[in-house]
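Working notes, structure below.
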Amino acid sequence: MPPDRAHVAILTVSDRAARGDYADLGGPAAEAWLRETITSPVQITRRIVPDGRATVADALRALAWEGADLVLVTGGTGPAPRDRTPEALADVIDFDLPGFGEEMRRASLVEVPTAILSRQNAGVRGRTLFITLPGKPAAIATCLDAVFAAVPYCLDLIGTARIETDAARCEAFRPRQENA
Amino acid sequence: MPPDRAHVAILTVSDRAARGDYADLGGPAAEAWLRETITSPVQITRRIVPDGRATVADALRALAWEGADLVLVTGGTGPAPRDRTPEALADVIDFDLPGFGEEMRRASLVEVPTAILSRQNAGVRGRTLFITLPGKPAAIATCLDAVFAAVPYCLDLIGTARIETDAARCEAFRPRQENA
Amino acid sequence: MPPDRAHVAILTVSDRAARGDYADLGGPAAEAWLRETITSPVQITRRIVPDGRATVADALRALAWEGADLVLVTGGTGPAPRDRTPEALADVIDFDLPGFGEEMRRASLVEVPTAILSRQNAGVRGRTLFITLPGKPAAIATCLDAVFAAVPYCLDLIGTARIETDAARCEAFRPRQENA
């Protein structure tokens with residue numbers, strides 16, 4: 001039985017935010033989006049790690065082990081030398097869900113031509129769904145708006161917590177389950 | 001020389017259909033679509049296997065070995081624990097054709113937001129083209145409508161059977177071959 | 001410090017062009033597009049190699065070693081037996097940028113349904129960005145039109161040459177760099 005409260009973790013990946021050189025803006029933006037959207041009981045935790053394949057992969061494994069149902073990762077998905085979030089994600093997931101990256105890039109592309117540089121993706125490890133997001137608050141909202149309607153059903157399918165959403169903001173879609 | 005009759009195989013991947021717990025709807029839906037669309041001589045065979053990486057991979061290898069020109073696989077492409085069709089496909093193909101998955105998801109997304117959860121793909125092993133489809137009959141038609149116009153030319157390029165289609169339903173496109 | 005002149009290399013992949021059986025049309029088409037678009041100092045070189053994973057991978061490695069900032073590859077991205085450009089690209093890059101292939105296929109799909117057969121991609125090795133393009137001149141222009149606005153900023157991020165473009169043809173987009 002899934003617990004009666006979903007556990008969503010937000011991981012900010014940023015050398016400068018981890019050092020305290022500037023305030024993490026991406027993590028709070030993702031949290032605000034979730035708090036305005038999810039209407040069922042939810043615990044949201046936030047963590048910050050420096051960029052890097054090992055730092056991010058270790059944090060992702062720890063969050064899965066702690067029982068997070070959904071992990072949103074913000075930052076580190078570009079082509080710059082320190083951007084290694086995609087490699088870290090690939091290290092920890094059982095399989096990816098390429099439709100998430102495709103759709104987040106397509107939605108972002110309406111706003112900026114450089115959206116094609118993003119290596120955003122999503123994937124599943126056991127009973128945890130990971131989604132990697134951009135670092136900028138406005139881009140985070142664009143991406144969550146684009147894909148979140150499919151997230152509650154994905155969590156159902158992987159056998160983890162049930163999430164309900166405010167349909168006025170983002171209507172969770174659950175297909176009827178005949179002969180799926 | 002390719003034989004004068006194309007061999008298309010349809011593989012239904014479903015624990016419940018394999019056990020006989022319910023009738024396979026996906027396989028017949030894919031066959032009906034093909035019979036209404038392909039106008040050249042074609043042999044269509046159907047088979048059912050349970051979900052699972054090894055069961056599906058073995059069936060795909062067998063179909064390639066038996067000389068199938070085109071294999072449509074229905075079911076097992078989602079994120080649920082028993083859905084392992086994408087892993088099986090990856091095990092048997094020489095290379096994938098990511099444009100098929102992108103376009104099938106995009107077409108399905110017009111109908112349901114959960115289309116991004118599909119891990120559909122296509123790929124080539126020797127002279128066999130494999131395309132993985134959803135399990136639901138309506139979604140199968142949506143996906144075949146979205147990509148089949150490119151299938152006959154793909155079969156030409158991999159050196160297997162020539163297929164002609166009813167242009168009123170789905171017009172096969174073959175670019176002229178100068179300096180390709 | 002990046003040099004004051006960008007080095008762009010164009011690699012034509014074609015058995016027949018390498019043998020001299022016909023004139024390379026793709027390489028000159030890519031060069032013409034670049035010369036009409038890039039307004040900053042640029043050196044453009046062209047090379048031709050036969051199809052094949054090893055021939056193409058060796059040429060790509062050599063171009064990166066010679067300091068090319070951007071390498072456009074034309075040809076060999078389809079599903080035919082001699083098309084092995086995608087495998088060669090995968091052999092040499094540190095990571096791929098899937099948004100390039102997605103967007104090039106989507107732009108090409110407006111023109112031909114067979115665009116989904118293309119295995120085009122892009123990726124980074126050290127300080128070199130590689131983009132694989134179709135072989136046909138018209139399709140090359142379609143693809144460059146679709147993605148080039150993001151290329152100058154990508155080169156900035158990987159720390160290589162700065163490129164300026166003619167905004168009337170293709171406006172380079174560089175997001176402001178706060179909290180990226």
Side-chain angles (χ1 to χ4, degrees), chain A residues 2 37 69-70 90 93-109 116 119-132 143-160 163 165 167 169-180, chain B residues 12-17 21-29 51 53 74-91 96 98-122 132 134-140 143:
Chain A
T37 304
D69 302 302
L70 170 65
I93 56 177
D94 301 328
F95 56 84
D96 73 348
L97 293 165
F100 277 82
E102 291 163 16
E103 192 54 20
M104 292 191 286
R105 278 186 288 274
R106 185 158 50 217
S108 301
L109 196 57
I116 60 170
R119 301 189 285 146
Q120 289 174 248
N121 200 353
V124 172
R125 176 189 177 94
R127 295 191 176 187
T128 304
L129 170 64
F130 298 93
I131 306 173
T132 56
C143 288
L144 289 174
D145 288 343
V147 301
F148 205 83
V151 167
Y153 183 56
C154 187
L155 298 182
D156 295 352
L157 289 174
I158 67 174
T160 187
I163 283 182
T165 62
R169 275 189 54 87
C170 172
E171 186 164 8
F173 183 83
R174 289 179 162 99
R176 279 169 305 157
Q177 270 293 69
E178 21 68 52
N179 290 2
Chain B
T12 296
V13 178
S14 166
D15 285 335
R16 289 173 291 171
D21 287 359
Y22 68 62
D24 170 23
L25 299 179
D51 285 282
R53 184 170 185 157
T74 159
T77 62
R82 291 288 293 156
D83 292 329
R84 289 295 174 261
T85 295
E87 286 78 7
L89 181 70
D91 286 345
D96 73 347
F100 277 82
E102 291 163 17
E103 192 55 21
M104 292 191 287
R105 278 185 289 274
R106 184 157 52 216
S108 300
L109 196 56
V110 175
E111 298 172 1
V112 290
T114 44
I116 61 169
L117 303 182
S118 162
R119 302 189 283 146
Q120 288 175 249
N121 199 354
T132 56
K136 297 189 187 182
I140 289 171
C143 288

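Every value quoted in this text rests on a predicted model; they were computed, and no experiment measured them. When reading the values below, keep in mind they use all heavy atoms of this one structure, side chains included, and skip hydrogens, waters and symmetry mates. Lettering of chains follows the sequences in order, A, B, ..., and the numbering in each one begins at 1.
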Chain B heavy atoms under 4.5 Å from V147(A): which part of the residue, side chain, backbone, both or neither?
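Both backbone and side chain.
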
Please classify the contact of D156(A) with chain B as side chain, backbone, both or neither, using a heavy-atom distance under 4.5 Å.
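For D156(A), there is no contact with chain B at all, as no heavy atom is under 4.5 Å.
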
Chain A contact via Q120(B) - side chain, backbone, both or neither, heavy atoms under 4.5 Å:
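Neither part.
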
Measure distances from R84(B) to the heavy atoms of chain A and classify the residue's part below 4.5 Å as side chain, backbone, both or neither.
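Contact with chain A: side chain only.
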
CZ of F173(A) to CD of E111(B): how many Å apart, nearest 0.5 Å?
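Here the interatomic distance stands at 10.0 Å.
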
Under 4.5 Å, counting heavy-atom pairs only, tell me which of C154(A), A122(A), G101(A), A146(A) racks up the most with chain B.
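Highest number of pairs under 4.5 Å: C154(A).
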
Do L109(B) and R106(A) make a side-chain contact, defined as non-hydrogen atoms from C-beta onward lying under 4.5 Å apart?
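Touching, per the 4.5 Å side-chain cut-off.
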
Is the closest side-chain heavy-atom distance between P79(B) and F95(A) below 4.5 Å?
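P79(B) reaches F95(A) side chain to side chain.
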
Over all atoms of both residues, closest heavy-atom pair of L157(A) and L117(B)
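Heavy atoms of L157(A) and L117(B) come nearest at CD1-CD1, 4.3 Å.
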
Tell me the closest heavy-atom pair linking D96(A) and R119(B), and the distance in Å.
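That closest heavy-atom pairing would be O-CD, 3.2 Å.
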
Do you know which of I116(B), D83(B), N121(B), V112(B) has the most heavy-atom pairs with chain A at a distance under 4.5 angstrom?
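Highest number of pairs under 4.5 Å: I116(B).
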
Look at A80(B), P113(B), P86(B) and state which one has the largest set of heavy-atom pairs under 4.5 Å with chain A.
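The residue among A80(B), P113(B), P86(B) with the greatest pair count is P113(B).
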
